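Here's the structure, in structure tokens; my notes come after.
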Amino acid sequence: MKDISFNPGVYEPNWQAKWEADKLYRSVMDESKPKHYALTMLPYPSGDLHIGHWFSMTPPDARARFKRMQGYNVLFPMGFDAFGLNAENAAIKQNIHPKKWTYANIERMRKQMRTMGAMFDWEREAVSSDPEYYRWTEWFFIQLYKHGLAYRKKATVDWCPKDNTTLAREQVKGDERVCERCGTPVIKKELEQWFFKATKYADELLRFDGIDWPEFIKVSQTNWIGRSEGASVIFKTEAGDPIEIFTTRPDTLWGATFMVMSPEHPLVDRVTTPENQQSVSEYKAQAEKQTDIQREAKDKEKTGVFTGGYAINPVNNERIPIWVADYVLMSYGTGAIMAVPAHDQRDFEFARKFGLKIVPVIQLEGVELNGDTQEAAHEHEGVMINSGPFDGTPATNDKGMKNPAIKAVTEWLEQKGIGKRDVNYRYRDWLISRQRFWGAPIPMVHCETHGWNPVPDDQLPVLLPNDIDEWKPTGESPLKFHPTWKDATCPVCGEYAVRETDTMDTFMCSSWYHMRYLSPHNDQAPFDEAEYNYWMPVDTYTGGSEHANMHLLYFRFFHKALRDLGITEGNEPVMQLRNQGMVLAEDNRKMSKSRGNVVAPDVLVQRYGADTVRAYLMFFARWQQGAPWDSNGIEGIARWMRRVWTLFTDPYGASDSAGAASDQAKKNLRRKVHQTLKRVTHDFENFEFNTVISSLMELSNEMYKAREAGAAGTPEWEEAKEYYLKMMAPVAPHITEELWTNHLGKPYSIHQQKWPNVDESAAKEDTIEIPVQVNGKVRDRITVASDASDEEIKSAALASEGVQKYLEGKEPRKVIVAKGRLVSVVV
RNA sequence: GCCGAAGUGGCGGAAUAGGCAGACGCGCACGACUCAAAAUCGUGUUCCCUCCGGGAAUGAGGGUUCGAUUCCCUCCUUCGGCACCA
């Protein structure tokens with residue numbers, strides 16, 4: 001006697017163990033099949049797996065399973081982004097080595113992940129803090145260095161005072177300019193640091209040709225890179241020193257009535273006259289003290305001081321004063337601007353406040369501008385005036401060379417040798433140094449004589465020391481205080497050299513993990529070439545959108561840089577990107593331990609089983625949207641699971657009419673099955689997981705009715721059962737395996753079955769009910785054969801009672817037949 | 001301010017290509033089973049009215065159309081990105 005009690009707590013772990021023992025989810029290269037690389041963002045091992053992890057992993061797992069059933073050779077790997085500050089902060093707090101903390105968490109999370117019943121290929125697991133992994137992270141750094149893409153430079157950088165480390169610009173967020181990790185406002189520091197030359201790829205990163213990425217990610221990256229087209233122009237001080245400026249509006253050059261330099265500009269002291277010395281240095285000191293937030297506040301009153309120095313406007317030889325003001329940033333353009341108060345609102349406000357000259361050079365036809373009375377800058381189109389040879393040239397609202405005024409002036413500047421066409425970017429090189437312990441060491445040594453040199457390949461990896469017990473954040477890497485770790489040998493002369501004690505940004509580790517999955521234990525190369533050629537590029541990448549301008553930009557850069565080094569192929573690492581939304585807590589806020597509103601998946605799995613949790617995560621919200629958690633809703637899915645269980649384990653139900661179903665009932669059942677198959681196939685393909693579930697629910701409801709009508713035992717019923725389990729298998733791998741193998745007695749495993757094909761003729765309705773509208777309102781419904789002609793439908797509609805009533809004997813003005821959908825009668 | 005995404009019952013959401021708005025589920029109400037509860041099953045559930053039948057309704061207003069949740073315009077709200085970027 002078969003056990004028909006519904007007990008996921010027993011069969012789920014049993015199947016998980018069997019699948020693993022049978023290596024059911026091993027993905028090995030197989031040239032006979034098309035490949036599908038489904039990648040999902042790997043987690044930080046920061047503690048327990050939370051419901052957000054389940055939300056980001058199990059629906060993509062279902063899709064990967066669906067792809068596999070469709071005949072693809074699917075790779076769906078998992079790993080851990082294991083370096084990072086969490087581990088180090090725990091070390092400080094609990095006085096435990098970050099390695100110990102990290103690996104204990106990984107072990108726990110692995111166990112938790114196994115309860116998901118996901119098709120992760122654990123033999124391909126990669127952990128970024130394993131020496132066999134970070135050896136190659138270091139190796140990549142050296143490759144970039146050797147090709148001039150990694151360099152060391154002193155610069156003003158963002159510093160998180162809480163995490164005590166520098167940050168890349170991408171890791172500083174929002175108006176408040178806070179640290180991406182901990183939310184602390186960042187400060188500026190002048191430090192010598194390692195950078196990657198990401199800006200070399202700015203233009204290429206703006207192109208998304210041939211990749212299917214969400215619009216808002218592309219827009220976000222485009223904004224982040226912030227390309228502006230314009231011209232650079234050389235002004236000269238009266239003493240003859242050149243001051244280069246960048247402008248997007250060379251057409252307004254004749255209206256440049258003063259210049260403004262950033263307080264940090266190197267020429268400030270040279271142009272400042274003795275009598276202005278004091279006020280200028282006071283202003284500089286004050287600017288230095290201010291935080292970025294204060295300084296860059298949008299509604300801030302303009303401040304500034306006159307240097308006493310003058311420059312010559314190269315287009316009209318006007319002598320114009322040079323001011324210093326903090327609204328000009330050293331970090332953008334050249335740190336100096338030509339000020340055109342008539343046509344730039346910021347310059348306008350500044351000029352009004354300090355009584356500087358305003359000369360309009362573009363005005364609308366018939367609307368005369370006057371610098372003395374103008375109330376705001378005129379930033380739009382018009383015709384050039386007061387501009388020597390260019391008077392009368394039309395200026396449009398177009399940016400760059402599309403604007404005839406900009407084009408004409410730029411070409412003239414180039415002829416005259418005063419300036420040239422130029423492009424500026426917001427985007428900055430990637431600051432990679434972190435003053436922290438738990439990261440991949442930067443594999444460089446410094447020798448008094450030979451400067452910086454990479455650690456030779458045969459000495460990689462540079463390992464992190466185990467014998468360290470001082471974690472207090474000092475603003476410098478704890479590695480610096482280890483008694484011997486930093487002692488090294490210069491690879492050029494063999495004399496003493498000092499090791500770099502900063503570690504790399506963990507985003508470096510996650511820039512290439514998708515390639516390490518290909519051969520995680522290869523000790524000859526970061527990855528096996530044959531594996532690369534077979535699996536890459538990633539076909540589908542899923543994860544959170546918070547990485548839009550961080551990870552998702554870094555790894556595009558990384559791929560392109562490696563391509564130029566001959567390591568990777570193709571222009572993009574990922575073809576299709578999809579982002580899941582966020583699971584909020586029931587109180588509609590973010591889940592967090594401190595608020596005590598987190599939903600623990602372990603508890604849910606214990607209570608309902610993994611299949612139910614998986615299905616609920618697919619059902620409770622649009623996956624790409626996310627929603628607040630609803631702890632009641634899961635009951636509906638639990639009910640559905642039990643109903644499916646009952647439907648399959650009690651095949652005849654209460655009906656004693658098995659096999660007695662009418663031909664019509666059997667046909668209807670088969671139609672519903674194939675319509676569902678069509679829908680489910682489409683929805684899996686398009687990440688519409690919620691409707692996969694609702695379609696399956698509809699079908700099981702239909703099957704209950706069909707069984708009642710005597711369908712059990714018929715071929716249609718057998719097909720329905722078989723197809724049902726196949727369609728449900730990606731969603732709920734355990735219950736379907738249990739029913740398939742143990743109750744239907746079909747060959748193990750359901751997960752190796754082929755996805756069924758839709759029988760279009762079975763899916764087609766033979767009669768259809770068509771609503772009939774009179775003046776846009778539904779007044780009746782007619783039933784016609786699905787292949788009825790427009791003429792037949794029309795006459796049936798006109799003959800219907802509802803239409804006759806509203807026609808009141810008159811002729812309709814117009815009748816529209818929308819094939820198979822609706823008839824619209826206009827009276 | 002600029003750019004992007006979204007706005008549908010009490011709630012999550014559904015609606016291939018412009019064609020029956022509210023599928024599926026939660027919640028709620030009533031009923032069956034039960035000594036009772038849970039579970040299960042059944043019925044109902046957008047709002048309004050004079051409840052036969054009709055009217056209104058997809059953030060607001062307008063447009064195109066025989067017909068708009070879907071397309072266009074204006075606006076509002078929420079979320080996200082950028083922002084004294086020259």
Side-chain angles (χ1 to χ4, degrees), chain A residues 173-175 214-228 230 245-249 252 256 260 262 295-302 325-329 331-340 343-347 349-350 424-426 545-546 548-549 579 581-582 616 619-622 624-637 639-640 642-643 646 654 678-679 682-683 686 688 690-701 704 769-778 780-781 812-827:
Chain A
K173 294 276 157 188
D175 279 358
E215 192 57 30
F216 89 98
I217 298 278
K218 294 193 278 188
V219 168
S220 185
Q221 296 199 347
T222 303
N223 285 345
W224 182 258
I225 292 166
R227 182 181 196 274
S228 344
I245 60 105
F246 172 75
T247 177
T248 53
R249 296 294 305 275
T252 63
V260 186
S262 156
R295 210 170 137 171
E296 289 171 20
K298 59 194 159 195
D299 43 7
K300 201 185 117 182
E301 174 98 355
K302 296 275 175 296
D326 64 5
Y327 79 92
V328 175
L329 309 174
S331 55
Y332 185 80
T334 62
I337 61 157
M338 66 166 192
V340 184
H343 304 290
D344 181 289
Q345 188 57 26
R346 291 155 303 171
D347 298 343
E349 285 164 25
F350 193 82
N424 247 279
Y425 301 89
R426 266 190 93 252
S545 57
E546 67 276 12
N549 294 341
N579 303 109
M582 208 187 313
Y616 185 53
F619 182 65
F620 93 106
R622 283 182 278 212
Q624 296 180 68
Q625 203 80 37
W629 183 255
D630 175 4
S631 54
N632 290 319
I634 195 169
E635 291 293 343
I637 295 290
R639 229 163 265 157
W640 172 54
R642 285 192 294 264
R643 275 170 66 82
T646 309
K678 199 171 172 178
R679 174 101 210 242
H682 171 270
D683 290 351
N686 292 287
E688 289 162 15
N690 54 344
T691 46
V692 167
I693 310 290
S694 62
S695 301
L696 288 172
M697 284 174 169
E698 277 184 50
L699 180 54
S700 55
N701 291 344
Y704 264 96
E769 201 191 53
I770 297 179
V772 183
Q773 292 185 343
V774 179
N775 287 343
K777 294 233 182 317
V778 178
D780 209 338
R781 288 151 205 284
R813 287 222 323 260
K814 200 171 176 185
V815 180
I816 294 136
V817 178
K819 190 129 192 94
R821 290 188 177 275
L822 175 137
V823 179
S824 183
V825 180
V826 189
V827 188

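Not measured: the values here are computed from a predicted model. Numbers restart at 1 for each chain; the letters A, B, ... are given by sequence-line order, proteins then strands.
- When every heavy atom of A:Ala336 is checked against every heavy atom of A:Ile245, the shortest pair comes out as O-CG2, 3.5 Å.
- Nucleotides B:C76 and B:C26 are separated by 40 Å at their P atoms, to the nearest Å.
- For A:Thr691, the listed nucleotide lying nearest its side chain is B:A15; candidates were B:C26, B:A6, B:A15.
- Between the C1' atom of B:A21 and the CD atom of A:Gln773 lies a distance of 12 Å, rounded to the nearest Å.
- Listed pair A:Arg642 / B:A39 fails the phosphate criterion, with no side-chain N or O lying under 4.0 Å from OP1 or OP2.
- With P as the reference atom, B:G10 and B:G1 are 33 Å apart, rounded to whole Å.
- Side chain of A:Tyr704 to main chain of A:Arg643: a donor-acceptor pair is present (N/O by atom type, distance under 3.5 Å, no hydrogens or angles).
- When each of B:A83, B:C84, B:G19 is scored by its nearest atom to the side-chain atoms of A:Arg426, the top-ranked nucleotide is B:A83.
- Nucleotide B:A57 forms no Watson-Crick or G-U wobble pair with any nucleotide shown, as no partner meets the under 3.5 Å limit on both distances.
- A perpendicular orientation is assigned to the rings of A:Tyr332 and A:Phe246, their planes being inclined by more than 60° (bins at 30° and 60°).
- With both pairing distances under 3.5 Å, B:A23 is matched to nothing as a Watson-Crick or G-U wobble pair.
- For B:G44, the paired nucleotide is B:C28, the pair qualifying as Watson-Crick or G-U wobble because both relevant distances are below 3.5 Å.
- Across all strands shown, A:Gly633 has heavy atoms under 4.0 Å from sugar-phosphate atoms exclusively, and none from any base.
- A:Gly581 comes within contact range of no nucleotide atom at all, as no heavy-atom separation falls under 4.0 Å.
- When both pairing distances are held under 3.5 Å, B:C82 makes a Watson-Crick or G-U pair with B:G1.
- Checked against B:C41, B:G13, B:A23, the side chain of A:Ala627 finds its nearest nucleotide in B:G13.
- Distances shorter than 4.0 Å separate none of the side-chain N or O atoms of A:Asn632 from OP1 or OP2 on B:G25.
- Following rounding to the nearest Å, A:Ile225 (CD1) and B:G81 (P) show an atom-to-atom distance of 17 Å.
- Classification of B:G61 as anti follows from a glycosidic angle more than 90° from 0.
- Here B:A14 is the nucleotide among B:A14, B:G25, B:C85 with the atom lying nearest to any side-chain atom of A:Arg622.
- Under the Watson-Crick or G-U wobble criterion, with both distances below 3.5 Å, B:U64 is left unpaired in every strand shown.
- Here, B:C20 and B:G67 have their C1' atoms 12 Å apart, quoted to the whole Å.
- Here the P atom of nucleotide B:C85 and the OH atom of A:Tyr332 are 9 Å apart, to the nearest Å.
- Within 4.0 Å (heavy atoms only), A:Trp640 reaches no atom of the nucleic acid at all.
- Shown here, B:U77 forms a base pair with B:A6; the pair counts as Watson-Crick or G-U wobble because both key distances fall under 3.5 Å.
- B:C49 adopts an anti glycosidic conformation, its chi angle falling more than 90° from 0.
- Counting only heavy atoms from C-beta on, A:Arg346 has its side chain closest to B:C85 among B:A23, B:C85, B:C82.
- Of the possible polar contacts, none joining the A:Asn424 side chain to the A:Ser228 backbone as a donor-acceptor pair under 3.5 Å is found.
- Between the C1' atoms of B:U8 and B:C47, the separation comes to 14 Å (whole Å).
- Distance check on atom C1': B:A21 versus B:U74 gives 25 Å, rounded to whole Å.
- Side chains of A:Asp344 and A:Phe350 form no contact here, defined as non-hydrogen atoms less than 4.5 Å apart.
- The phosphate of B:C26 has OP1 or OP2 within less than 4.0 Å of a side-chain N or O from A:Arg639.
- With a 3.5 Å ceiling on both atom-pair distances, B:A17 lacks any Watson-Crick or G-U wobble partner.
- Taking atom C1' on both B:C3 and B:U69, the two are 25 Å apart, rounded to the nearest angstrom.
- RNA chain B is contacted by both A:Glu349 and A:Ser220; A:Ser220 maps to the nucleotide lying nearer its 5′ end (nearest heavy atom per residue).
- Contacts of A:Asp344 with the nucleic acid, taken as non-hydrogen atoms under 4.0 Å apart, are absent.
- Between the CZ atom of A:Arg643 and the P atom of B:C26 there is a distance of 10 Å, given to the nearest Å.
- B:C66 sits 43 Å from B:C30 when the C1' atoms are compared, rounded to a whole Å.
- The side chain of A:Arg679 places no N or O atom within less than 4.0 Å of a non-bridging phosphate oxygen (OP1 or OP2) of B:A14.
- Checked against B:C26, B:G4, B:G25, the side chain of A:Asn701 finds its nearest nucleotide in B:G25.
- Of all heavy-atom pairs between A:Arg426 and A:Trp224, the closest is NH1-O, 2.9 Å.
- Aromatic ring centroids of A:Tyr616 and A:Trp629 lie under 6.0 Å apart.
- Atom NZ of A:Lys173 and atom P of B:G81 are 6 Å apart (whole Å).
- Summarising the base pairing, B:C33 is matched to no nucleotide, lacking a Watson-Crick or G-U wobble pair whose two defining distances lie under 3.5 Å.
- Where A:Gln221 and A:Ser824 each meet RNA chain B at their nearest nucleotide, the meeting point lying more 5' is that of A:Ser824.
- Among the nucleotides B:A86, B:C82, B:C26, the one closest to any side-chain atom of A:Ser228 is B:A86.
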message = Walk me through whether A:Gln624 and A:Asn579 qualify under side-chain contact (heavy atoms from CB on, under 4.5 Å).
response = CA-CA 6 Å; A:Gln624 296 180 68; A:Asn579 303 109; over 6 Å; no
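- When distances run from any side-chain atom of A:Val219 to the nucleotides B:G4, B:A23, B:C84, the shortest one goes to B:G4.
- Nucleic acid contact class of A:Asn549 (heavy atoms, under 4.0 Å, all strands): sugar-phosphate only.
- Counting heavy atoms from C-beta outward, A:Met338 and A:Thr252 have side chains that approach closer than 4.5 Å.
- Comparing B:G25, B:A6, B:C66 against the side chain of A:Gln625 picks out B:A6 as the nearest.
- Distance noted for atom P between B:U43 and B:C24: 12 Å (whole Å).
- Closest to the side chain of A:Leu822, from the set B:C20, B:C41, B:G4, is B:C20.
- Residue A:Asn690 places at least one side-chain N or O under 4.0 Å from the OP1 or OP2 atom of B:A14.
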